[in-house]
Amino acid sequence: QVQLVESGGGLVQTGGSLRLSCAGSGRTFSNYVMGWFRQTPGKERELVAAIPWSGERIYYADSVKGRFTISRDNAKNTVYLQMNSLKPEDTAVYYCAADRSTLISIHAHWYEYWGQGTQVTVSS
């Protein structure tokens, strides 16, 4: 059974930091694009950051550039999202996703595998 399992969400004050982890199992994701999406009620999932297998040409949404860092450890089949200088508008459910394409897509429907999501809440 192929699974992506996120961890690391929680409640943090404005300006704080969190590190999300996404561990894959059931197959290797080393040659997949790995992405972090977020979603708030009534809105579509938004790609926050994505990283191809090589770790080059990383994508960040404008809203998180300079604050969030995505990284991956292919040996551990794990992708991370370091979130610094958090703002209340970063509050959302964060999802890890995997896309077997070699190019990064910002559209959720291209991603084949999804985690269950982890809640991030930033208090003002």
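Computed from a prediction, not measured in an experiment: that's the story for all the values here.
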- Between the side chains of Thr91 and Glu89, is a donor N or O closer than 3.5 angstrom to an acceptor N or O?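 The criterion, which ignores hydrogens and geometry beyond distance, is not satisfied for Glu89 and Thr91.
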- Item | Tyr95 ring center near Tyr111 ring center (under 6.0 Å) |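 No, the ring centres sit 6.0 Å or more apart.
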Just by modelled atom types, is the [Y] backbone N or O under 3.5 Å from a matching donor or acceptor in the [X] side chain?
X: Arg67; Y: Ser85; result: yes
X: Thr78; Y: Lys76; result: yes
X: Ser101; Y: Leu103; result: no
X: Glu6; Y: Gly117; result: yes
X: Asn77; Y: Arg27; result: yes
X: Asn84; Y: Ser17; result: no

- Message: Run the side chain to side chain contact (heavy atoms under 4.5 Å, CB included) test on Tyr60 and Ile70 for me, step by step, so that the C-alpha distance in whole Å, both residues' side-chain angles and the decisive distance to 0.1 Å come before the verdict.
- Response: CA-CA 9 Å; Tyr60 291 104; Ile70 188 171; 3.6 Å; yes
Distance, nearest 0.5 Å, that separates [atom1] of [X] from [atom2] of [Y]:
X: Gln3; Y: Cys22; atom1: CD; atom2: SG; value: 10.5 Å
X: Phe68; Y: Ile58; atom1: CZ; atom2: CD1; value: 14.5 Å
X: Thr69; Y: Ile51; atom1: OG1; atom2: CD1; value: 10.0 Å
X: Trp36; Y: Tyr94; atom1: CH2; atom2: OH; value: 10.0 Å
X: His109; Y: Asp99; atom1: NE2; atom2: CG; value: 9.5 Å
X: Cys96; Y: Leu20; atom1: SG; atom2: CG; value: 9.5 Å

- Task: Quick one: closest heavy-atom pair of Gly24 and Leu4, and the distance?
- Result: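 Nearest pair, atom of Gly24 first, then Leu4: CA-CD2, 3.8 Å.
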- Item | Step-by-step side chain to side chain contact (heavy atoms under 4.5 Å, CB included) determination, Met83 to Val120 | CA-CA 10 Å; Met83 304 186 295; Val120 171; 3.8 Å; yes
- Item | ILVMFWY network linking Val33 to Tyr59, side-chain heavy atoms under 4.5 angstrom |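 They do share one cluster, since a chain of ILVMFWY contacts under 4.5 Å joins Val33 to Tyr59.
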- Task: Decide whether Leu81 and Leu86 are clustered together by the hydrophobic rule: side chain heavy atoms of Ile, Leu, Val, Met, Phe, Trp, Tyr closer than 4.5 Å, transitively.
- Result: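 Shared cluster, yes.
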- Message: Do the side chains of Lys65 and Asp62 get close enough for a salt bridge, i.e. N-O under 4.0 angstrom?
- Response: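 Counted as a salt bridge, because a side-chain N and a carboxylate O are separated by less than 4.0 Å.
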- Message: If you apply the rule side chain to side chain contact (heavy atoms under 4.5 Å, CB included), what do you find for Glu112 with Arg100, and how did you get there?
- Response: CA-CA 7 Å; Glu112 182 177 357; Arg100 69 176 65 199; 2.9 Å; yes
- Six-ring centre of Trp114, Arg45 cation under 6.0 angstrom, axis tolerance 45°: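 Yes, Arg45 and Trp114 form such a contact.
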- Indicate yes or no: at least one non-hydrogen side-chain atom of Ser25 is less than 4.5 angstrom from one of Gln1.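 Sidechains of Gln1 and Ser25: no contact.
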- Do the ring planes of Tyr32 and Phe29 sit parallel (below 30°), tilted (30 to 60°) or perpendicular (above 60°)?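 Rings of Tyr32 and Phe29: perpendicular, over 60°.
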